[in-house]
2 protein chains.
Amino acid sequence: MDRDRKQNEILDAALKVFAAYGFRKTTVEDVAEKVGMTKSNLYFYIRNKQDLYQKTVSRALQRWRDSVAQAVSETDDVVEKFSVMAKQSFAYLADDEDLRRVCMKDPGIFSLSPEEDRFSEINLGAMQLIKSILVQGIEEGRFHPVDVDHVTELFFSIYIMFLIKTYVKSQGISSVRMYDEGLKIILRGLCVDRQVP
Amino acid sequence: MDRDRKQNEILDAALKVFAAYGFRKTTVEDVAEKVGMTKSNLYFYIRNKQDLYQKTVSRALQRWRDSVAQAVSETDDVVEKFSVMAKQSFAYLADDEDLRRVCMKDPGIFSLSPEEDRFSEINLGAMQLIKSILVQGIEEGRFHPVDVDHVTELFFSIYIMFLIKTYVKSQGISSVRMYDEGLKIILRGLCVDRQVP
DNA sequence: AAATTGACTAAATAATTCATTTGTTCTAAT
DNA sequence: ATTAGAACAAATGAATTATTTAGTCAATTT
């Protein structure tokens, strides 16, 4: 089946177009043109514009999540895992220009309230990663026995907040410094054993 | 001069009206009626609608800040100060219904980016309080020697984020729990000496 | 059969116009 | 010094028309 390859081709093209114009201002004809087919034929592959957008962004977000999971899996130490997760999650967007542009034009992609999170499925996966690291750390006696669910949500919220500050509004360098300082304090407050910095 | 009393009367009335209808939907006639004077006479006291709103909200925010400063001043211990500041700052809005309503109708009052903060003068004051406590804690050797400016901004951002989560979107009970857990972790990560919880 | 197209329609969006409200000023009276 | 009422410009809202665009379909090509 060649169907899947074409699907991906379409999603790749769509990401570029959405990155350039934003959801509102791109027409499905724009996307069709980018792929090199007619609008009506594009509809052979997509359900509708909204769905195309959802799938496009979801795919990009999944790449992001996978990249973090990959980086985390390369170490065994929980504390290291936590640190890598935090850093990789935050740094990723700097390299994915298209996704970054899409996010800037549609700030709602990063939502501070779970109810209105249009990509909750993917974000729940990200939170699952945080939670699993917390649980592992607590089991190993490396982390304090915190309220895992609430702390997971807390960390995720702080993380999202920084994404917004850094990539949606663009307070680049200052917020990066804040993120680093915050990570240090949180790690220190989380860890049981103390090594003098 | 009776002028100031009248000014305050107006600002009090305006807060109630703005709380009820929001900026957009209140007319200056509504406010005038609430104070018990005609629209045109109200203009003897105010510059324009926008300015009235600004002054009204500013005054309410100042009461907030003063209430926190007052609570903090009642203890000498830095760690206690930090804790009181965090708790009082967060809890205050629960009691000030009018201000809370205004904030819910105008989420822009809480801004995560300093550039678009319409009440930066007041918020800078709040940050000054955080900073002074941090500095005192570090000087006394109770806090780790963190990057004061960035950590101040960090804490303030997290705080604002929680205000938004709790009072603008209304994720009440869950976000309160998150706030408490977060405060514990941050205090532990901030403090030099360790007392087992 | 699966993939593609151009023609078609219903719905959304944008542009225009006109009517009403409302922010703001001014003059005159108390 | 304070107030009220009239007056006006600017903003807002409602109603109308014109244009674009999302989405469908029958016909054609591969």
Side-chain angles (χ1 to χ4, degrees), chain A residues 1-60 101-102 105-109 116 118-119, chain B residues 1-60 101-102 105-109 116 118-119:
Chain A
M1 265 293 155
D2 214 23
R3 185 82 178 234
D4 279 345
R5 185 160 30 188
K6 204 122 217 173
Q7 276 284 355
N8 288 336
E9 230 179 86
I10 290 171
L11 293 182
D12 286 341
L15 186 68
K16 283 189 203 308
V17 181
F18 283 131
Y21 306 137
F23 178 81
R24 216 179 89 94
K25 282 292 185 185
T26 80
T27 69
V28 312
E29 206 150 16
D30 288 333
V31 179
E33 195 177 13
K34 189 80 176 180
V35 195
M37 55 171 70
T38 63
K39 181 177 66 158
S40 48
N41 188 35
L42 179 58
Y43 268 97
F44 184 74
Y45 295 95
I46 71 174
R47 212 189 312 276
N48 54 45
K49 186 187 177 186
Q50 184 63 50
D51 188 61
L52 170 64
Y53 184 71
Q54 181 78 13
K55 283 196 168 58
T56 300
V57 177
S58 289
R59 182 148 174 277
R101 287 221 177 82
V102 170
K105 304 207 163 158
D106 180 8
I109 289 176
E116 62 193 43
R118 289 142 50 202
F119 300 91
Chain B
M1 266 294 157
D2 215 22
R3 184 80 179 232
D4 279 344
R5 184 158 34 187
K6 202 119 214 173
Q7 275 285 354
N8 287 336
E9 232 179 83
I10 289 171
L11 293 182
D12 286 340
L15 186 67
K16 282 188 203 309
V17 180
F18 283 132
Y21 307 136
F23 178 82
R24 214 180 92 94
K25 281 292 185 183
T26 79
T27 70
V28 311
E29 205 150 19
D30 289 332
V31 178
E33 194 176 15
K34 189 80 174 182
V35 194
M37 55 170 70
T38 65
K39 183 175 62 160
S40 50
N41 187 36
L42 180 57
Y43 268 96
F44 184 74
Y45 295 96
I46 70 175
R47 212 189 313 273
N48 53 45
K49 186 187 177 186
Q50 184 63 49
D51 188 60
L52 170 63
Y53 184 71
Q54 180 79 12
K55 283 196 168 58
T56 300
V57 178
S58 288
R59 184 148 171 277
R101 288 220 176 82
V102 169
K105 303 206 164 162
D106 180 8
I109 289 175
E116 62 192 42
R118 290 142 49 201
F119 300 91

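The figures here come from the full heavy-atom set of this structure, side chains too, leaving out hydrogens, waters and symmetry mates. The chains referred to below are lettered A, B, ... by the order of the sequence lines, with proteins before strands, and numbering in each begins at 1.
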| note | Rounded to whole Å, the CG-P distance (A:D51 to D:dT24) equals 12 Å

| said: In this structure, how many angstroms lie between the P atom of C:dT24 and the CD atom of B:Q50, rounded? | reply: 9 Å

| query | Rounded to the nearest Å, what distance is computed from the CG atom of residue A:L42 to the P atom of nucleotide C:dA3? | reply | 14 Å

| field | Listed nucleotide nearest any side-chain atom of A:T27, set D:dT2, D:dT21, C:dA14 | value | D:dT21

| field | Value in whole Å for how far the C1' atom of C:dA7 lies from CD of A:E29 | value | 13 Å

| message | Is any side-chain heavy atom of A:I10 closer than 4.5 Å to one of A:L52? | response | yes

| remark: Rounded to whole Å, OH of A:Y53 lies from P of D:dT21 at a distance of 18 Å

| request: Could you work out which one of D:dA4, C:dA14, D:dG13 sits closest to the side chain of B:N41? | output: D:dA4

| Could you state the CG-P distance from A:D30 to D:dA22, rounded to the nearest angstrom? | 8 Å

| said: Just to be sure I understand the rule, does B:S40 reach a base, reach only the sugar-phosphate, or reach nothing, if contact means heavy atoms closer than 4.0 Å? | reply: base

| Integer-rounded Å distance: C:dA12 C1' and A:K25 NZ | 13 Å

| said: Please check: side-chain N/O of A:Q7 versus main-chain N/O of A:Y45, any donor-acceptor pairing under 3.5 Å? | reply: yes

| D:dA22 OP1/OP2 closer than 4.0 Å to side-chain N/O of A:R24 | no

| field | Those residues that, when tested against B:E29, pass side-chain contact (heavy atoms from CB on, under 4.5 Å) (two or more places apart) | value | B:T27, B:K39

| query | Where the side chain of A:K39 is concerned, which of D:dT3, D:dA22, C:dT24 is the nearest nucleotide? | reply | D:dA22

| Nearest of D:dA4, C:dA3, D:dA22 to any side-chain atom of A:F44? | C:dA3

| message | Check the phosphate of C:dT4 against A:Y43, side-chain N and O only, distance under 4.0 Å to OP1 or OP2. Yes or no? | response | no

| task | Answer yes or no on whether A:K49 is positioned over the face of A:F23, meaning its NZ or CZ is under 6.0 Å from the six-membered ring centre and within 45° of the axis. | result | yes

| So which nucleotide from C:dT5, D:dG23, D:dT2 ends up closest to the side chain of A:N48? | D:dG23

| query | Choosing from C:dT24, D:dG13, C:dA3, which nucleotide comes nearest the side chain of B:V28? | reply | C:dT24

| task | Starting at atom OH of A:Y21, determine the distance to atom P of D:dA22, rounded to an integer number of angstrom. | result | 13 Å

| task | Using side-chain contact (heavy atoms from CB on, under 4.5 Å) as the criterion, list what pairs up with B:K55, not counting sequence neighbours. | result | B:L11, B:R47, B:D51

